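Working notes, beginning with the structure itself.
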Amino acid sequence: MNPTFMQKNGFKLLVMALLLVMIGTLGYMVIKGNNPASKLEVMKKAPDFKLDNIDGKPISLAELSGRSKLIYFFYSTCPDVCQPTTYTLSKVQDALVKKGVFGDKTAITSISFDPSKDTTEQLQKFSKSFHADPKGWYFLRGDEAAVIDLAQKYGVMVVKDKEGGTFTHNNVILLVDKKGDLRTYYNGSDPDLDVDKIAEDMIGLSKE
């Protein structure tokens, strides 16, 4: 193949490959979602991490032990899916607050893979725009390469367009139980995503 063609179109080809992976992942999620008996079975041990929260304190997955939690990989300047999905997460937070379980029994963790733009100040501003309660909703950041590698360990594919500075990624929300086991994925772009059902799943896992 012509090297010039590869150089000019390499990112597009990579994104196409990523989209195929996304389709496969979403297909897997649909199959699991249509099978209630297996939906919340343990998929695998969730990879641990230790990243900086917007209050300057490091947060690890191990420190969230005892709480069921959602994990969402994102970047705040995302031009499409990240902000609507974060709004969905804010609605999940509201549902958990109404049940009196947010912060002590359940939590939300949003992890940015764009530390150059998602400074602590930027994430503080971003979190406030979604009325995130800091007692149970953490906005974390770390080294770009390390976070992208972490996302991939969770099954979330992230590819950076080095020329445009944007990212292509799976828009999924991950559910991890209080023991640190990954239990399921939710499609963050699903217009029919039921926030009350997500809250119920989290509450159910917090009681296991």
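Just so it is clear, the model here is predicted, and its values are computed rather than measured.
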Quick check: does any side chain N or O of [X] sit under 3.5 Å from a backbone N or O of [Y], one acting as donor and the other as acceptor?
X: Tyr154; Y: Pro47; answer: yes
X: Gln93; Y: Asp133; answer: yes
X: Asn53; Y: Gly56; answer: no
X: Ser65; Y: Leu61; answer: no
X: Ser68; Y: Leu205; answer: no
X: Asp118; Y: Ser112; answer: no
X: Glu63; Y: Ser60; answer: yes

Min side-chain heavy-atom separation [X]-[Y] under 4.5 Å:
X: Leu96; Y: Ile203; result: yes
X: Leu174; Y: Phe73; result: yes
X: Pro115; Y: Val147; result: no
X: Leu175; Y: Tyr185; result: no
X: Lys125; Y: Ser76; result: no
X: Ser129; Y: Gln83; result: no
X: Thr109; Y: Trp137; result: no
X: Phe49; Y: Leu140; result: yes

Identify the heavy atoms of [X] and [Y] that sit nearest to each other, and give their distance.
X: Ala95; Y: Asp196; result: CB-OD1, 4.0 Å
X: Ser110; Y: Leu89; result: OG-CD1, 4.1 Å
X: Leu51; Y: Gly142; result: CD2-CA, 3.9 Å
X: Ala151; Y: Val158; result: CB-CG2, 3.9 Å
X: Val81; Y: Ser189; result: CG1-OG, 3.7 Å

How about NZ on Lys105, more than 12 heavy atoms from neighbouring residues, nucleotides or ligands closer than 6.0 Å, or not?
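No - once you tally the heavy atoms of other residues, nucleotides and ligands closer than 6.0 Å, there are 12 at most.
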Salt-bridge test for [X] and [Y]: reply yes if a basic N is under 4.0 Å from a carboxylate O, no otherwise.
X: Asp94; Y: Lys98; answer: no
X: Lys117; Y: Glu144; answer: no
X: Lys45; Y: Asp181; answer: yes

Answer with yes or no after comparing the ring centroid distance for Phe130 and Tyr87 against a 6.0 Å cut-off, counting only values under it.
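That pair fails the under 6.0 Å test.
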Checking Asp52 against Arg141 for the salt bridge (Lys or Arg N to Asp or Glu O under 4.0 Å) test, could you report, in this order, the C-alpha distance in whole Å, the side-chain angles of both residues, the deciding distance, and whether it holds?
CA-CA 5 Å; Asp52 292 330; Arg141 61 190 298 276; 5.3 Å; no
When rounded to the nearest 0.5 angstrom, what is the spacing between [atom1] in [X] and [atom2] in [Y]?
X: Lys99; Y: Ser206; atom1: NZ; atom2: OG; result: 11.5 Å
X: Ile148; Y: Met157; atom1: CD1; atom2: CE; result: 10.5 Å
X: Ile173; Y: Thr184; atom1: CD1; atom2: OG1; result: 11.0 Å
X: Tyr75; Y: Gln122; atom1: OH; atom2: CD; result: 12.5 Å
X: Asp114; Y: Cys78; atom1: CG; atom2: SG; result: 10.0 Å
X: Ser90; Y: Ile108; atom1: OG; atom2: CD1; result: 8.0 Å

If we check ring pair (Phe, Tyr, Trp, His ring centres under 6.0 Å) with Phe74, which of these qualifies: Phe167, Phe113, Phe126?
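It is Phe126; the other options fail the test.
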Among Leu193, Asp194, Ile198, the one residue meeting side chain to side chain contact (heavy atoms under 4.5 Å, CB included) with Val92
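Looking at Leu193, Asp194, Ile198, the match for Val92 under the side chain to side chain contact (heavy atoms under 4.5 Å, CB included) is Ile198.
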The single option from Thr85, Val156, Asp190 passing side chain to side chain contact (heavy atoms under 4.5 Å, CB included) against Asn171:
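When side chain to side chain contact (heavy atoms under 4.5 Å, CB included) is applied between Asn171 and each of Thr85, Val156, Asp190, only Thr85 qualifies.
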Is there a side chain to side chain contact (heavy atoms under 4.5 Å, CB included) between His169 and Val159? Walk through the geometry before answering.
CA-CA 6 Å; His169 62 99; Val159 178; over 6 Å; no
Under 3.5 Å, is there a donor-acceptor pair between the Tyr138 and Asp55 side chains?
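No.
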Out of Arg183, Lys69, Arg67, Lys44, which residue meets the salt bridge (charged side-chain N to carboxylate O under 4.0 Å, His left out) rule with Asp177?
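When salt bridge (charged side-chain N to carboxylate O under 4.0 Å, His left out) is applied between Asp177 and each of Arg183, Lys69, Arg67, Lys44, only Arg183 qualifies.
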